[in-house]
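Structure record follows, encoded as structure tokens.
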Amino acid sequence: MLAVMFDFSGTLFRIESAESWLGAVLSDARIALPERELADTARALEEAGALPGGAPPLRVPGQLAEVWETRDESAELHRAAYTGLSRQVVLPDPGLHDALYERHRTPAAWTAYPDAAEVLGGLRERGIKVAVVSNIGWDLRPVFRAHGLDPFVDAYVLSYEHGIRKPDPRLFRTACEALGAEPREVLMVGDDRRADGGAAALGCPVHFVDPLPAERRPDGLRPVLELAG
């Protein structure tokens, strides 16, 4: 392989738990909830699918169906989709819905998988280029910089910057062109068989990982070093 494309959430990084997410925002707002109420509210937000990078919603309300389907095509749609889901849950202050959205965009909300630096560094040592290809509605580059992984990434191809989302082959083609490699020479690594599997339509080999919590997946990326050659 001349290059490797990686998905972001569930592949290189994992979002914090819904309870941690809610707790951080409440703490910043100096709002205290009883432990049971905090847990129940976090669970309700999780079931609503309000945490980007977390579990998908159990049900998308009819009025949000269209924006949910296109959420990764622009920053505005992404925010509208997730704050819309969040507002299905009653919070102590209506302003917390926007604060929750802002929290998930911060480096503190994300944890790199334990072997991410090792694998990305190993690819760099071998002269194998790396791109991050993500369905997302905001700039994730600061997350990579804060966690020390940005030096290993040659290109970022983000859906909201192109108005195209995976599995559309055009997004993967854009990444291959940025890497200066033919699709057959570029391995795609992701956790979503539908979205990330779209790279196969271009002829890219694809490798899947499980989007487990970071502490439960210490070495899920290491096979990439062998697959990349």
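By the 4.5 Å heavy-atom criterion applied to side chains, E185 and L179 are not counted as neighbours. C204 places none of its side-chain heavy atoms less than 4.5 Å from the side chain of R184. Side-chain contact between I136 and Y156 is absent, with no heavy-atom pair separated by less than 4.5 Å. D219 has its side chain out of reach of P114: every pair of non-hydrogen atoms, C-beta onward, lies at least 4.5 Å apart. Side-chain contact between P213 and R216: present, with at least one pair of heavy atoms (C-beta onward) separated by less than 4.5 Å. Residues V186 and M1 fail the side-chain proximity criterion, which asks for heavy atoms closer than 4.5 Å. Annotation: side chain of R141 is not in contact with side chain of V132 (no heavy-atom distance under 4.5 Å). Contact annotation: the side chain of E118 never approaches that of L221 to less than 4.5 Å [non-hydrogen atoms, C-beta and beyond].
Between E215 atom CD and T111 atom OG1 the span is 8.0 Å, to the nearest 0.5 Å. To the nearest 0.5 Å, atom CG of residue D28 and atom CZ of residue R103 are 7.0 Å apart. Once rounded to the nearest 0.5 Å, the distance linking CG of L51 with CG of L100 reads 8.5 Å. Residue T83 holds its OG1 atom at 4.5 Å from CZ of R87, rounded to the nearest 0.5 Å. Atom-to-atom distance recorded for E182:CD and L202:CG is 10.0 Å, nearest 0.5 angstrom. The distance from the CZ atom of R59 to the CG atom of L85 is 10.0 Å, given to the nearest 0.5 Å.
Sparse packing is recorded around CD of E35, with 12 or fewer heavy atoms of other residues, nucleotides or ligands lying under 6.0 Å away. For E102, the CD atom is densely surrounded, since the number of other residues' heavy atoms within 6.0 Å is greater than 12. Around CZ of R173, the count of heavy atoms belonging to other residues, nucleotides or ligands within 6.0 Å does not exceed 12. Atom CZ of R222 sits in a crowded spot, with more than 12 heavy atoms from other residues, nucleotides or ligands closer than 6.0 Å. The environment of Q63 atom CD is dense: over 12 non-hydrogen atoms of other residues, nucleotides or ligands sit within 6.0 angstrom.
The heavy-atom pair separating V206 from A199 by the smallest distance is CG2-CB, 4.2 Å. Heavy-atom minimum distance, A29 versus L96: CB-CD2, 4.0 Å. Between V89 and A48, the shortest heavy-atom distance links the atoms CG2-CB, 4.3 Å. Of all the heavy atoms in A80 and V67, the pair that sits closest is CB-CG2, 4.0 Å. Taking all atoms of both residues into account, the shortest heavy-atom contact from W68 to P57 is CZ2-CD, 3.4 Å. Considering all non-hydrogen atoms of both residues, P223 and H207 come closest at CB-NE2, 4.2 Å.
Salt-bridge annotation for R43 and E46: absent, with no side-chain N of the basic residue lying under 4.0 Å from a carboxylate O of the acidic one. With respect to R71 and E76, no salt bridge is recorded, no charged nitrogen being found less than 4.0 Å from a carboxylate O. The pair R79-D98 meets the salt-bridge criterion, since a charged nitrogen lies less than 4.0 angstrom from a carboxylate oxygen.
There is no path of hydrophobic side-chain contacts, each under 4.5 Å, that joins F13 to L212. Put simply, V224 and M188 are part of two different groups of oily side chains (I, L, V, M, F, W, Y) that touch within less than 4.5 Å, one to the next. Both L33 and V25 belong to a single network of hydrophobic side chains, linked directly or stepwise wherever heavy atoms of I, L, V, M, F, W or Y lie under 4.5 Å apart. L171 and F208 fall within a single hydrophobic cluster, where Ile, Leu, Val, Met, Phe, Trp and Tyr are joined by side-chain heavy atoms under 4.5 Å apart, directly or via other members. F172 and L2 are not part of a single hydrophobic cluster, where members link through side-chain heavy atoms under 4.5 Å apart.
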- Query: Given the rule in the side-chain contact (heavy atoms from CB on, under 4.5 Å) test, do W110 and I15 qualify, once you have shown the distances and angles that lead to the verdict?
  - Reply: CA-CA 5 Å; W110 296 90; I15 191 66; 3.4 Å; yes

- Are D7 and V189 close enough, and set up right, to give a side-chain contact (heavy atoms from CB on, under 4.5 Å), and what steps lead you there? CA-CA 6 Å; D7 172 52; V189 181; over 6 Å; no

- Query: side-chain contact (heavy atoms from CB on, under 4.5 Å) between S159 and I164: does it pass, once the steps are laid out?
  - Reply: CA-CA 5 Å; S159 63; I164 305 166; over 6 Å; no

- Message: Working note: E19 + R36, criterion salt bridge (Lys or Arg N to Asp or Glu O under 4.0 Å); need CA distance, chi angles, decisive distance, verdict.
- Response: CA-CA 11 Å; E19 193 160 337; R36 178 63 179 275; over 6 Å; no

- Output, in order, the C-alpha distance, side-chain angles, deciding distance and verdict of salt bridge (Lys or Arg N to Asp or Glu O under 4.0 Å) for R217 and D210. CA-CA 8 Å; R217 210 193 76 191; D210 292 323; over 6 Å; no

- Under the side-chain contact (heavy atoms from CB on, under 4.5 Å) criterion, do V209 and Y113 qualify, and how do the steps go? CA-CA 11 Å; V209 295; Y113 279 98; over 6 Å; no

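Here F144 and F152 keep their ring centres 6.0 angstrom or further from each other.
R14 contributes a side-chain N or O that, together with a main-chain N or O of P211, makes up a donor-acceptor pair within less than 3.5 Å. Looking only at distances, a side-chain donor or acceptor of H104 sits under 3.5 Å from a matching main-chain atom of Y101. Looking at Y160, its side chain does come within 3.5 Å of a backbone N or O of D139 through a donor-acceptor pair. In this structure a side-chain-to-backbone donor-acceptor pair under 3.5 Å is present from N135 to K166. Looking at W21, its side chain never comes within 3.5 Å of a backbone N or O of E16 through a donor-acceptor pair. Within the 3.5 Å criterion, the main-chain N or O of E73 finds no donor-acceptor partner in the side chain of T70. Using modelled atom types, no side-chain atom of S86 and backbone atom of Y82 make a donor-acceptor pair closer than 3.5 Å.
Checking L187, D154, V130 one by one against L123, the side-chain contact (heavy atoms from CB on, under 4.5 Å) holds for a single residue, V130. With respect to S134, the side-chain contact (heavy atoms from CB on, under 4.5 Å) criterion is satisfied by exactly one of L12, L158, V157, D196: L158.
Using bins of under 30°, 30° to 60° and over 60° for the plane-to-plane angle, the ring pair F8/W138 lands in the perpendicular bin.
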